[in-house]
Amino acid sequence: EKYLEAAKRCAEFVLGNLLKGDGGRKLYRRYRDGDVAIDGNLEDYSFLIAGLLDLYEASFDAKWMAASITLAEEMVELFWDGKGNGGFFLTPPGGELAAIKDGYDGPTPSGNSVAALDLLRLAEFTGRQDLREKAETTLTLFSEAMESTPTGYTEMLGAVDFSFGSKEIVIVGPRGTPASTAIVREIQTRYLPTKVLAMASGDASSPMAPLTEGKVPLNGMPTVYICEDFACKAPVADLAALRGQLAAVPRSSVNRA
């Protein structure tokens with residue numbers, strides 16, 4: 001819990017102080033004594049989106065999901081190569097700096113790798129095919145480089161793996177109860193890199209409504225739906241049954257393929 005609270009404070013500070021202008025969508029990368037400066041680049045946007053998605057999956061607070069969608073839309077607006085063969089520029093094209101598109105994952109992952117995985121995750125959460133298409137176009141753009149030097153594109157290969165067949169896991173029912181806490185813990189302690197995890201809110205206007213709609217708790221108990229391409233297995237409210245379904249989820253889509 002202390003790490004989750006620290007993450008929330010960090011996200012609240014960044015969103016409250018480093019997002020300015022354009023309806024609070026423009027991200028800056030430096031803050032000092034109230035002074036905000038330096039436009040964010042692709043890596044700033046993509047890494048923050050990834051962190052917000054992780055924060056949503058850890059807390060199920062919809063405001064982090066909403067912020068990640070807003071930032072993703074701004075990232076596409078600023079950096080997407082809509083006039084060429086896709087992918088993201090490091091800085092907005094047409095500016096003072098040279099327009100560079102890089103996918104190489106060095107000591108830290110590249111902006112294109114993280115952005116591709118961001119958009120794939122958001123596509124699973126929201127059902128938005130426009131985001132999936134941009135992610136897949138980005139992966140295609142760097143496909144030859146990944147084939148020739150796979151060790152230089154490890155994060156992007158993770159996005160490729162995710163694109164082959166991610167799993168959607170949705171929890172419905174009362175939150176904060178011992179039963180729901182046990183279910184969340186059972187899911188979160190497993191290494192499932194190609195999953196997205198959502199908590200149904202019952203809000204039909206939620207951007208995640210395509211993922212959560214029609215899912216109801218069994219006998220008033222917290223219930224889990226494990227799905228692929230929005231087609232779900234039988235819902236389970238029993239921990240033993242959940243363990244069985246989770247054990248059948250492959251850690252890698254590539255192994256299954």
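The CG atom of Leu117 sits 11.0 Å away from the CD1 atom of Ile49 when rounded to the nearest 0.5 Å. One finds the OH atom of Tyr104 at 13.5 Å from the CD atom of Glu155 (value rounded to the nearest 0.5 Å). The line from CG of Asp238 to OG1 of Thr223 is 10.5 Å long, rounded to the nearest 0.5 Å. Here the CG atom belonging to Leu211 is positioned 7.0 Å from the SG atom belonging to Cys227, to the nearest 0.5 angstrom. Atom OH in Tyr28 sits 10.5 Å away from atom CG in Leu18 (nearest 0.5 Å). A distance of 7.5 Å separates OG of Ser113 from CE of Met146, quoted to the nearest 0.5 Å.
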side-chain contact (heavy atoms from CB on, under 4.5 Å) evaluation trace for Val224 with Gln245: CA-CA 10 Å; Val224 181; Gln245 286 198 8; over 6 Å; no

Test side-chain contact (heavy atoms from CB on, under 4.5 Å) applied to Leu90 and Asp102, step by step: CA-CA 7 Å; Leu90 179 62; Asp102 184 24; over 6 Å; no

Check against salt bridge (Lys or Arg N to Asp or Glu O under 4.0 Å), Arg128 and Glu73: CA-CA 12 Å; Arg128 287 182 53 176; Glu73 291 172 343; 2.8 Å; yes

Candidate pair Trp80 and Thr138, rule side-chain contact (heavy atoms from CB on, under 4.5 Å), full reasoning: CA-CA 10 Å; Trp80 178 254; Thr138 301; 3.3 Å; yes

side-chain contact (heavy atoms from CB on, under 4.5 Å) between Leu78 and Leu42, intermediate numbers included: CA-CA 9 Å; Leu78 289 173; Leu42 173 63; over 6 Å; no

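Salt-bridge formation is not detected for the pair Lys2/Glu5: no Lys NZ or Arg NE/NH1/NH2 atom is positioned less than 4.0 Å from an Asp or Glu carboxylate oxygen. In summary, Glu57 and Arg121 engage in a salt bridge, as defined by a charged side-chain N under 4.0 Å from a carboxylate O. One finds a salt bridge joining Glu12 and Lys63 here, because a Lys/Arg side-chain nitrogen approaches an Asp/Glu carboxylate oxygen to under 4.0 Å.
The aromatic rings of Tyr31 and Phe13 stand perpendicular to each other, their planes meeting at an angle above 60°, with 30° marking the opposite boundary.
Hydrophobic clustering of Ile, Leu, Val, Met, Phe, Trp and Tyr side chains at less than 4.5 Å, counting indirect connections, keeps Ile38 apart from Phe89. Linking ILVMFWY side-chain heavy atoms closer than 4.5 Å, directly or via other members, places Phe162 and Phe47 in two distinct hydrophobic clusters. Follow the hydrophobic side-chain contacts under 4.5 Å out from Met221 and you never reach Ile169; the two are in separate clusters. Residue Leu48 is grouped with residue Phe125 when hydrophobic side chains (ILVMFWY) are merged at heavy-atom distances under 4.5 angstrom, including chains of intermediate members. No chain of hydrophobic side-chain contacts below 4.5 Å, direct or via other Ile, Leu, Val, Met, Phe, Trp or Tyr residues, connects Leu218 to Leu246.
Side-chain N or O atoms of Ser148 include one that pairs as donor or acceptor with a backbone N or O of Ala145 at under 3.5 Å. In terms of modelled atom types and a separation under 3.5 Å, the side chain of Lys101 and the main chain of Gly86 share a donor-acceptor contact. Ser163 contributes a side-chain N or O that, together with a main-chain N or O of Val160, makes up a donor-acceptor pair within less than 3.5 Å.
Of all heavy-atom pairs spanning Leu119 and Leu131, the tightest one is CB-O, 3.5 Å. The two residues Asn17 and Val36 make their nearest non-hydrogen contact at O-CG2, 3.2 Å. Looking at every heavy atom in both residues, Ala159 comes nearest to Leu120 through O-CD1, 3.3 Å. Ala58 and Gln188 make their closest contact through CA-NE2, 4.0 Å (heavy atoms, listed as atom of the first residue, atom of the second, distance). Contact detail for Pro174 and Pro222: the closest heavy-atom pair is O-CG, 4.0 Å. Heavy-atom minimum distance, Ser46 versus Val114: O-CG1, 3.4 Å.
A heavy-atom distance below 4.5 Å is not found between the side chains of Lys8 and Asp61. Side chains of Ser59 and Leu4 form a contact here, defined as non-hydrogen atoms less than 4.5 Å apart. Leu15 places a side-chain heavy atom less than 4.5 Å from the side chain of Leu71. Residues Lys167 and Glu228 meet the side-chain proximity criterion, which asks for heavy atoms closer than 4.5 Å. In this structure, the side chains of Ile226 and Val236 stay at 4.5 Å or more apart for every pair of heavy atoms. Taking 4.5 Å as the limit, some side-chain heavy atom of Leu122 sits within range of a side-chain heavy atom of Ile69. Residues Tyr45 and Arg29 form no side-chain contact, since every pair of their non-hydrogen atoms from C-beta on lies 4.5 Å or further apart. Using a 4.5 Å cut-off on side-chain heavy atoms (C-beta onward), Glu186 and Leu239 make contact.
Taking a 6.0 Å sphere around CZ of Arg185, one finds it holds 12 or fewer heavy atoms contributed by other residues, nucleotides or ligands. Summarising the local packing, CG of Asp35 is surrounded by more than 12 heavy atoms from other residues, nucleotides or ligands at distances under 6.0 Å.
Between the side chains of Thr91 and Asn41, no donor N or O sits under 3.5 Å from an acceptor N or O.
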